[in-house]
2 protein chains.
Amino acid sequence: MSKLPSKLPPMSAVRVFEAAARHQSFTRAAEELGMTQAAVSYQIKLLEDRVGAPLFIRLPRQVTLTAKGRQLAPAVTEAFEALRNAFAGVEEMVQTVLSITTLSTFASNWLVPRLGRFRQLHPNIAVQVSVSTEIIEFAHSEFDIGIRSGTGDWPGLEAHVLFPNQFMPVCSPALVRDVELRDPVDLLSLPLISPSDPWWRDWFSAAGVPNVDLSRHPDNSLGVQQFEGMAAIAGQGVALINPFFFPEDLASGRLVKPFDLMATTDRSYWLVYPKARRRSAKIEAFRDWVLSEVAGDSERTSPAA
Amino acid sequence: MSKLPSKLPPMSAVRVFEAAARHQSFTRAAEELGMTQAAVSYQIKLLEDRVGAPLFIRLPRQVTLTAKGRQLAPAVTEAFEALRNAFAGVEEMVQTVLSITTLSTFASNWLVPRLGRFRQLHPNIAVQVSVSTEIIEFAHSEFDIGIRSGTGDWPGLEAHVLFPNQFMPVCSPALVRDVELRDPVDLLSLPLISPSDPWWRDWFSAAGVPNVDLSRHPDNSLGVQQFEGMAAIAGQGVALINPFFFPEDLASGRLVKPFDLMATTDRSYWLVYPKARRRSAKIEAFRDWVLSEVAGDSERTSPAA
DNA sequence: GGCTGGCATAAGTCAGCCTTATGGATCGAC
DNA sequence: GTCGATCCATAAGGCTGACTTATGCCAGCC
């Protein structure tokens, strides 16, 4: 592939040489590198042995580059400058770009509408949102933060609970205007959205209607809560949704709750990130912001209920 | 001078990253670098911690660069390539350029006339000859080899004796054609070249003429044996020279020895170089060549004498 | 002549790099 | 489906070798 790679000398020595050549002084190079003059002398000698020729001429109270040293110095300085730039660029990217993998409905019905506020708080952080229905392993990806549903036991991940994964039937007020709903079982007379969703059974169960038969209902499954909510608003039927995702629609009355009964699960929505990166400023900023937003949600909904 | 130098990550880790990025494989990078796969994994993780973001995505049986890794890799590879080139250039210079500091007469009357043969033997070594009357410290210079006169006790230097520092009066045959020289003291009737040279007293001493008074002779000192020999050939007087430097002139009769008496000294001509560099191929080559040439000289002169 | 500034050298210590060993995960073959 | 091969991660431990401290040397400079 390439002409014999001609092994590079130890990089630590090269780095010391670069500083010493720039300063034409071992002592000042040592200061810059935060080590002693003796260490610089040691490394230079090492490199000279490696190269097979002196790189500095030792004059009484100063050092000068030899011809070989002069040939080497500019190229080395240039290479290190290039490295510094490259790492500075990545460093900036690391600090300013925050990438999130999130569940679809959380993104559309919770995160995206509020992102404007985060951008105002942290104008120098660019948020990249990636939507996925699967849980993405951090080891197999390059996301900074994830929003996922589960029980919070992910090894190696720091997890902050956001809100419970719970469900309640909702529908458009028009759909139930002329219907008398005294008992949960009455809901079965209305069209259900995504009736194949297993949570329906759980909700009826919690409502005292076990072993409900939903096979009769046409399976117009939408799969994504956001769409189910939209369908409900459009009056197409009763959807089982997490009220956290539709605060506006519930507050404005676009969606109504025929029964104020929540089916709870053992799962919640979580904000997670690798434990090792918990000190990252952008991660801290985003986490704190999300948690404060969630706290605001609770304040707004809980006392009102 | 430059914008905050933003400390570079440990170079050893960067080097490992470079190889791993090129191969898209930790195992193959380890092979290239001559270390174990575990060491590569360790260094990569180190760099990722330092940078604050993953650089590789760990897929089942391979690794891929993340966006940050992709941003970093080309720049790093380029920088290392530049370093490799720079060091290769110096390496070549080290191997192919041999610089010598030598005494003037040795250069003109011994070395230069024979250098053609050395070049034939080693066409890939370029010899740079620098003439100096002072002995140059290797620590304060960048010479590979030195030719100097002395007793051979230079600490840190490998020293090979070439021939003794000895003297004999010579002159043009014309100068003595009509002169009867029975006794060394008769030389005093002829013009002496560089009579202020202290070796004259030593030679007369060795010839059984102690405390000779040379103050009468005009002090037309030339200082350099080469010039003294040339003056003698031109018939300007009797010169005290080292016959090693004038083999041709003595053989051809352009110079004659009025008395076959050599004044010896405790000094010799030496070929020296730093002990630490005795393994250098070009130094070995030159040293061996010089010594073989000197051996040839002795063969040619000694049996004849 | 002391004093200062700069580099070299010796000795000793300790961090951290690398190795060995092992485990987990996936892919392919049979 | 099981077994083996491949590749990376991780833990534990050893050992190198990069630093530090201390000292010496040399040359200018007051």
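Lettering follows sequence order; numbering is per chain, from 1. Small disclaimer: the values here were computed from a predicted structure and weren't measured. When reading the values below, keep in mind they use all heavy atoms of this one structure, side chains included, and skip hydrogens, waters and symmetry mates.
- With rounding to whole Å, Leu59(A) atom CG is found 11 Å from dA8(C) atom P.
- Looking at Tyr273(A), Trp270(A), Tyr269(A) one by one, the single match for ring-ring contact (aromatic ring centres under 6.0 Å, His included) with His160(A) turns out to be Tyr273(A).
- Nucleotides of DNA chain C nearest to Lys45(A) and Gln62(A) differ in position, and the one nearer the 5' end is that of Gln62(A).
- Here dC18(C) presents its P atom at 13 Å from CD of Gln37(B), a figure rounded to the nearest Å.
- In this entry the distance linking CG of Leu47(A) with P of dA8(C) reads 13 Å, nearest Å.
- For Arg28(A) and Glu31(A), the salt-bridge test fails: no basic side-chain N is under 4.0 Å from an acidic carboxylate O.
- Applying a 4.0 Å cut-off to non-hydrogen atoms, the residues of residues 22-33 of chain A that approach DNA chain C are Ser25(A), Phe26(A), Thr27(A), listed by residue number.
- Rounding to whole angstrom units, CG of residue Leu65(A) and P of dC7(C) are separated by 12 Å.
- Straight-line distance from the CZ atom of Arg15(B) to the P atom of dC17(C): 13 Å, rounded to whole Å.
- The salt bridge (charged side-chain N to carboxylate O under 4.0 Å, His left out) check on Lys282(B) picks up Asp144(B), with sequence neighbours excluded.
- Look at CG on Leu46(A): it is 16 Å from P on dT16(D), rounded to the nearest Å.
- Residue Tyr42(B) has no polar side-chain atom (N or O) positioned under 4.0 Å from OP1 or OP2 of dC18(C).
- Considering only the side chain of Thr36(A), dT21(D) comes nearest among dC18(C), dT21(D), dT10(D).
- Between Arg50(B) atom CZ and dG16(C) atom P the separation is 13 Å, expressed in whole Å.
- The base of dA18(D) lies outside donor-acceptor range of the side chain of Gln43(A), with no N or O pair under 3.5 Å.
- Atom pair Ile57(B):CD1 and dC7(D):P shows a separation of 19 Å (rounding to whole Å applied).
- Comment: Arg22(A) engages Glu18(A) in a salt bridge, judged by a side-chain N to carboxylate O separation of less than 4.0 angstrom.
- Ser41(B) has a side-chain polar atom (N or O) that falls below the 4.0 Å cut-off from OP1 or OP2 of dA9(D).
- Each of Val290(B), Leu162(B), Leu103(B) was scored for a side chain to side chain contact (heavy atoms under 4.5 Å, CB included) with Trp110(B), with one residue passing: Val290(B).
- Note: Phe118(B) and Trp289(B) have tilted aromatic rings, judged against thresholds of 30 and 60 degrees for the angle between ring planes.
- Classification of Glu81(B) and Arg84(B) as a salt-bridged pair holds, one side-chain N sitting under 4.0 Å from a carboxylate O.
- Residue Val40(A) is out of contact with every strand shown, counting any heavy-atom pair closer than 4.0 Å.
- Comparing Val16(A) and Arg61(A), the nucleotide of DNA chain D nearest to each residue sits closer to the 5' end for Val16(A).
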